[in-house]
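Reminder, nothing fancy here: chain letters follow the sequence lines and each chain counts from 1.
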2 protein chains.
Amino acid sequence: MLVTGRKEGNISVHGSVYKNLRDKILYGFLRPGQSLTLRSLASEFKTSMTPVRDSVRRLTAEGALKISLSGRITIPVLTIERFNELLFIRSIIEAELAIKALPKAHIALIDRLESINLDMEMFAKSFEAMEYIRANMEFHRSLYLRAQSPIMLSILENVWLQLGPTVKHALGENWNIVKQSEHKNILSALNNQDSSQLIFLIKKDVLGCQNIFM
Amino acid sequence: MLVTGRKEGNISVHGSVYKNLRDKILYGFLRPGQSLTLRSLASEFKTSMTPVRDSVRRLTAEGALKISLSGRITIPVLTIERFNELLFIRSIIEAELAIKALPKAHIALIDRLESINLDMEMFAKSFEAMEYIRANMEFHRSLYLRAQSPIMLSILENVWLQLGPTVKHALGENWNIVKQSEHKNILSALNNQDSSQLIFLIKKDVLGCQNIFM
DNA sequence: CATACTCAAATGTGATCACAAAAAATCTAT
DNA sequence: ATAGATTTTTTGTGATCACATTTGAGTATG
C-alpha cells in the first residue's frame, strides 16, 4: 500500500532520515570530504529521494553538509581558520549559557551531571567511543538547558554539528582523552556558585580542542 | 523545451526562489503569523512546487519560517521571551564582531559607512521604508564584514532574519526612527579607535529595539 | 446562540520520471 | 605508457502525480 499522508504528531519520513543523518555527522561517522549521493542515502534509509533531499537541504542550511556549485553533496572540510572560528564561537556561547544556568543549578541537576560523568568514565574504560562522545555532549547540554535560552542552545548545537566530523577524525584513536577531571572541576564551581571560575573552566574545556590539529 | 540541468555557476531556480523569499521575510513584507502555501508560492514565482519546497525547508532550518506539526507553513510569531533572547544574541554577537572589526576599520570603510548613513537620511526624508531598512542593515554588515568572521556573521544574519517580520510590523509607520545620529556616534568611536565606547554604542543601538512592543 | 457534525476543497508528503550536466570509464593516437 | 578525446554512467534538478490528512465553511442539533 502506498502511504503518503501522516497523522499529526507522527514522525515524518523526512524527520527520521534527518535525525539519522544528523547523528551520523554529529558523532563523527562521516569523514570530512566524504561525498554522499541522494540515491545511495535513499536506498540506505529505504525510502525515495524526496525525504533525503529535504534532509540534505536542511542539514546544508545548518552548515553540516556542503553542496558544491555543481550540486555534489559532501561533508565540509574545515580550514584551520574556520575551525578556530567555530571554537571561538563555542567559547562565547557556552560561557554565556553557563552564566545563565549557574543560579539555576540546583542539586538535582548536579546529581545528574555527576551521574553522566560516571558514565563517561565507564565508556572510556570500555573503549566505547560513540557513547563517550554522546555522554560528553549530554553533560554540556544538560547544564546549558538550565539557561532556558533555546535559540542560543540551538545555535550552539549547530556549531557542534559543524565540528563533529573534524574533531572525531582529528582525535582518531585518541578520543579517550580525560575530560572527567575537568568536568569534576566544573561541578565544584557549580556547587560553589563561582561564576568566574565556571567561565574559566568552560573556556578551557572548549579551547582545549585547539591543538588537535598539530 | 524542458530544462532541468544547470551549468556550473549558474543560479538554480531554488536559489532565486530562496533569495526572493528570504528578502521578503528579512525586509518585513510578510506579517508574523501569515501562512504560506507551496502551491501559491510556486505560482507566484512561476515554477513548480519542488524548488519552493527546497527553499521553505532551508528557511525553516534558518528559523525564518515555521512548519506546524500538520505541515502548514507560517511566518513565526515571536513570544516576548523569544524576541528578547534574539536581541540579547544580537548584542553579544554584534559587540564581538565590532571589536574584531575595530582595528581594521580604515578610512575607506569609514567613508563608505558615512555614505550609507547619508543615504539613510535621504530615504528617511523621502519615506522609502524598504530602502531605509536595507541601508541600515548594510551599515552594520559593512562594519562586521571587516571582522572576517564569516560564520559569526552568518549566524547574525539568521538572527536578523528571525527578527525581520516582527520588528517591521511592530514599528508600523514609525520605521522612520532616527538612527543616523547613533550611527554618527559609532563612526566617531571608529575614528578614535575607542573600543569600550564602540561596544556601548552597539549595545545601545541593538537593545534600543526592546521597547517597540510597548 | 453555541456546539457538534458533514463534506468538499486545499495542502503537504513521498514517489517517480526525464533530462542536462558532471564524473568516471573507455578508447585512441602518439 | 601517457595524455587527450570519446562514450557511458552517475547525479542533482525541476516537474508532476496520487493520496492521506487537515481545514474551514456550511448545516443540523441542542
Peer 1: Table please: side-chain donor-acceptor pairs of residues 148-157 of chain A below 3.5 Å, with sequence neighbours left out.
Peer 2:
| residue | atom | partner | partner atom | Å |
| --- | --- | --- | --- | --- |
| A:S149 | OG | A:A147 | O | 3.2 |
| A:S154 | OG | A:I151 | O | 3.0 |
| A:E157 | OE2 | A:R141 | NH1 | 2.0 |

Peer 1: Assuming nearest nucleotide by heavy-atom distance, tell me which of A:R72 and A:G15 is located more 5' along DNA chain C.
Peer 2: A:G15
Peer 1: Is A:L41 touching bases, backbone alone, or none of the nucleic acid, heavy atoms closer than 4.0 Å?
Peer 2: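 No contact.
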Peer 1: Closer than 4.0 Å, any side-chain N/O of A:S70 to the OP1 or OP2 of C:dA23?
Peer 2: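 Yes, within the criterion.
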Peer 1: Categorize B:I67 for me: base, sugar-phosphate, or nothing, with a 4.0 angstrom heavy-atom threshold over every strand shown.
Peer 2: nothing
Peer 1: Which nucleotide sits closest to the side chain of A:L38: D:dT13, C:dT13, D:dT22?
Peer 2: D:dT13
Peer 1: Strictly below 4.0 Å: does A:R53 bring a side-chain N or O up to OP1 or OP2 of D:dA15?
Peer 2: no
Peer 1: Ignoring backbone atoms, establish whether B:T47 has a side-chain N or O less than 4.0 Å from OP1 or OP2 of D:dA15.
Peer 2: yes
Peer 1: What pairs meet the salt bridge (Lys or Arg N to Asp or Glu O under 4.0 Å) rule with one or both residues in residues 89-101 of chain A, with sequence neighbours excluded?
Peer 2: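 Counting only pairs at least two positions apart or across chains, the salt bridge (Lys or Arg N to Asp or Glu O under 4.0 Å) contacts touching residues 89-101 of chain A are A:R90-A:E94.
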Peer 1: Between B:R57 (CZ) and C:dG12 (P), how many Å, whole number?
Peer 2: 11 Å
Peer 1: Mapping A:T50 and A:I73 onto DNA chain D by nearest heavy atom, which one lands closer to the 5' end?
Peer 2: A:I73
Peer 1: Write down the distance between CG (B:L69) and C1' (D:dT21), rounded to a whole number of angstrom.
Peer 2: 13 Å
Peer 1: Using the salt bridge (Lys or Arg N to Asp or Glu O under 4.0 Å) rule, collect all pairs that involve residues 70-79 of chain B, keeping only residues at least two apart or in two chains.
Peer 2: none
Peer 1: Could you work out which one of C:dG14, D:dG14, C:dG12 sits closest to the side chain of A:H14?
Peer 2: C:dG14
Peer 1: Pick the closest DNA chain C nucleotide for A:M49 and for B:G71 by heavy atoms, then say which residue is nearer the 5' end.
Peer 2: B:G71
Peer 1: Which pairs would a plain distance check flag for residues 113-120 of chain A, meaning a side-chain donor or acceptor within less than 3.5 Å of a matching protein atom at least two apart in sequence or in another chain?
Peer 2:
| residue | atom | partner | partner atom | Å |
| --- | --- | --- | --- | --- |
| A:N117 | OD1 | A:H183 | ND1 | 3.3 |
| A:N117 | ND2 | A:Q180 | O | 3.2 |

Peer 1: Quick one: A:D54 CG to C:dG14 P, roughly how many Å, whole number?
Peer 2: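 Rounding to the nearest Å, CG of A:D54 and P of C:dG14 are 7 Å apart.
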Peer 1: Tell me whether the count of non-hydrogen atoms from other residues, nucleotides or ligands lying under 6.0 Å of NZ in B:K19 goes above 12.
Peer 2: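 Atom NZ in B:K19 is not crowded, with 12 or fewer foreign heavy atoms closer than 6.0 Å.
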Peer 1: To the nearest Å, how far apart are A:K66 NZ and D:dG12 P?
Peer 2: 15 Å
Peer 1: Does A:S48 have a side-chain nitrogen or oxygen under 4.0 Å from the phosphate oxygens OP1 or OP2 of C:dA15?
Peer 2: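 Yes, because at least one side-chain N or O of A:S48 sits under 4.0 Å from OP1 or OP2 of C:dA15.
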Peer 1: Please list all pairs meeting salt bridge (Lys or Arg N to Asp or Glu O under 4.0 Å) that have one or both residues in residues 42-57 of chain B, counting only residues at least two apart or in different chains.
Peer 2: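 Checked against salt bridge (Lys or Arg N to Asp or Glu O under 4.0 Å) - neighbours excluded - the pairs reaching residues 42-57 of chain B are A:R53-B:D54, A:D54-B:R53, A:D54-B:R57, A:R57-B:D54, B:K24-B:E44.
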Peer 1: Could a donor-acceptor pair under 3.5 angstrom be found where the side chain of A:R39 meets the base of D:dG12?
Peer 2: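 Under the 3.5 Å cut-off, the side chain and the base do form a donor-acceptor pair.
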Peer 1: Establish, from distance only, whether the side-chain atoms of B:Y18 and B:H14 form a donor-acceptor pair under 3.5 Å.
Peer 2: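 Note: B:Y18 and B:H14 side chains miss the donor-acceptor criterion.
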Peer 1: From C-beta outward on B:T37, which listed nucleotide comes closest to its side chain: D:dT23, C:dG12, D:dG14?
Peer 2: C:dG12
Peer 1: Start with the C-alpha distance between B:F123 and B:M130, add both sets of side-chain angles, then the distance that settles side-chain contact (heavy atoms from CB on, under 4.5 Å), and finish with yes or no.
Peer 2: CA-CA 9 Å; B:F123 294 137; B:M130 225 283 257; over 6 Å; no
Peer 1: Between D:dG12, C:dT11, D:dA15, which one does the side chain of B:P51 approach most closely?
Peer 2: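 Among the listed nucleotides, the one closest to the side chain of B:P51 is D:dA15.
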Peer 1: In degrees, rounded to 10°, what is the bend between the two ends of the helix from C:dC1-D:dG30 to C:dT30-D:dA1, using five pairs at each?
Peer 2: 10°
